[in-house]
Amino acid sequence: MSLLSGKKILVGISAGIAAYKTPILVRLLVKAGAEVKVVMTPSAKDFVTPLTLSTVSKNEVFSTFTKEENENAIWNNHVELALWADFFIIAPATTNTLSKMANGICDNLLLATYLSAKCPVYYAPAMDLDMYKHLATQVTFNKLASFQTIQIPAGYGELASGLVGEGRMAEPEEIVAFVEKDVLKNLPLRNKKVLITAGPTYEAIDPVRFIGNHSSGKMGFEIAQVAANLGAEVILISGPTHLTTSNNQIKYISVTSAQQMYDVCHEYFNAMDIAILSAAVADYRPKNAATQKIKKATATLHIDLEPTKDILASLGVIKKNQILVGFALETENEIENAKNKLKKKNLNLIVLNSLNDKGAGFKSETNKVTIIDQKGGLKEFDLKTKTEVAKDLLNEIILLIHE
Ligand code: CTP
């Protein structure tokens, strides 16, 4: 999954020959998980059809201030369109459109939308090399830079005129990669490595039976997803679960037992900036797992259990500058017990789930948590979806980073 997943992207097309590549650009953005709308200048329609763009974007395409429907003129609201967008990518951006943007001219819907945009605006220039090099164009570029309008550099190559030089619109793949990289640059967890544990662990009794628990892994997977969306490089270590992840910022490592989870956590922890341990690790495991399936030969069966290693506590012992976060599930003296656990395991934050709260816990889609810090500071959150809980937790971690 891309950082652009779930984002609303407005693609602005002006009248350059490179407009023929824009259906591919739209397609790539849709494939990255973005919702895409297109606004084009009236002349851009000579190079690419609105029908093509509408088909690939799965949305209506806008090019005029009004549309005629049942003999009534309906206003295409440029302000609404601009405010809808998380990102505005103008590609191809011709000299004509760019110089109008730089001078606040507003004689078509694309330009009106540009002037109304509050989101980051990117443009991919496309023009012949002499136009590209002309001082007027360079002045335009500088002016646009002073408006924080971001240039996606033009490429070098053969141009429509037959000349070879600078001015070719960046390829659609390059445009998407540029925007993704730029988005990442501004994210609060960029360059941060985050280790997350999730799910249950299974402790073998014999080759076919195990001791496990009902943890779905959902909380940990949501934390991983949100952390990746905030720019982090994530290592997600999970016990058995039906959940999957396909985010290229998340390295997924599947484990079965507490010992395997312990080993993988220790392999990666030193290189981490943050570790969030949300897994429901088994506290005990069979002392001697049978190598053959246990037969029902006796009236009763005793299995000796021994404690597993406490992964969280062991990381608390070796931690240097990492922010270490644990979870606690308590049924009585919740705050007191959670605070003790935070101290005992040398944590920076502890997330308290209370079993007394309806809708919180293992299999539910929601959770209700209280986050406690080392100074005893306590934040109680409402019942929320696990995605929202993950966002709250990562916000608290970001605040800690900036403390
Ligand atoms: N944890 C862990 N390794 C274990 C057991 C727990 O890393 N072997 C982590 C969990 O991922 C979670 C926290 O410790 O972050 C939860 O611990 P919890 O089970 O609530 O408490 P315990 O430390 O096991 O103590 P108790 O059972 O007495 O409450």
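Atoms within each ligand, like the ligands themselves, are counted from 1 in listed order. Residue numbers start at 1 and run along the sequence shown.
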Within 6.0 angstrom of His134 NE2, more than 12 heavy atoms from elsewhere: no

Residue, atom name and distance, where the atom is the protein heavy atom closest to atom 8 (N) of ligand 1: Lys309 O, 3.0 Å

Asn288 side chain to Asp304 side chain, donor-acceptor N/O pair below 3.5 angstrom: no

Mutual orientation of the aromatic rings belonging to Phe65 and His78 [parallel < 30°, tilted 30-60°, perpendicular > 60°]: perpendicular

Distance from atom 12 (C) of ligand 1 to nearest protein heavy atom, with residue and atom: Phe327 O, 3.2 Å

Short N or O distance, Glu330 and ligand 1, threshold 3.5 Å exclusive: no

Atom 19 (O) of ligand 1: the protein heavy-atom neighbour that sits closest, reported with distance to 0.1 Å: Asp283 OD2, 4.3 Å

Atoms of ligand 1 close to Gly326 [distance to a heavy atom under 4.0 angstrom, numbered from 1]: 15 (O)

Reference residue Thr149; test side-chain contact (heavy atoms from CB on, under 4.5 Å); the match among Phe88, Tyr122, Tyr114: Tyr114

Contact atoms of ligand 1, heavy-atom distance to Leu329 under 4.0 Å: 20 (O)

Closest protein heavy atom to atom 7 (O) of ligand 1, given as residue, atom name and distance to 0.1 Å: Leu312 N, 2.9 Å

Protein contact of atom 10 (C) of ligand 1 - nearest heavy atom, named by residue and atom, plus distance: Ala279 O, 3.3 Å

Residue and atom name of the nearest protein heavy atom (relative to atom 1 (N) of ligand 1), distance in Å to one decimal: Asp310 OD1, 3.9 Å

Atom 3 (N) of ligand 1 - nearest protein heavy atom and its distance: Ile311 N, 3.0 Å

Nearest protein heavy atom under 4.0 Å from atom 28 (O) of ligand 1, yes or no: no

Atom of Ile235, atom of Tyr268 and distance for their closest heavy-atom approach: CD1-CD2, 3.2 Å

Glu173 CD: over 12 foreign heavy atoms closer than 6.0 Å: yes

Residue of the set Leu29, Val26, Leu25 for which side-chain contact (heavy atoms from CB on, under 4.5 Å) holds with Ile9: Leu29

Proximity winner for atom 6 (C) of ligand 1, if only heavy atoms of Leu347, Ile276, Thr308, Val281 are counted: Val281

Pro286 versus Glu306, closest heavy-atom pair with distance: O-OE2, 4.4 Å

Residue, atom name and distance, where the atom is the protein heavy atom closest to atom 15 (O) of ligand 1: Leu277 O, 2.5 Å

Passing candidate, side-chain contact (heavy atoms from CB on, under 4.5 Å) with Ile397, options Asp273, Ile371, Ile223, Ile274: Ile274

Closest to atom 18 (P) of ligand 1 among Lys341, Gln259, Lys345, Lys344 (heavy-atom distance): Lys341

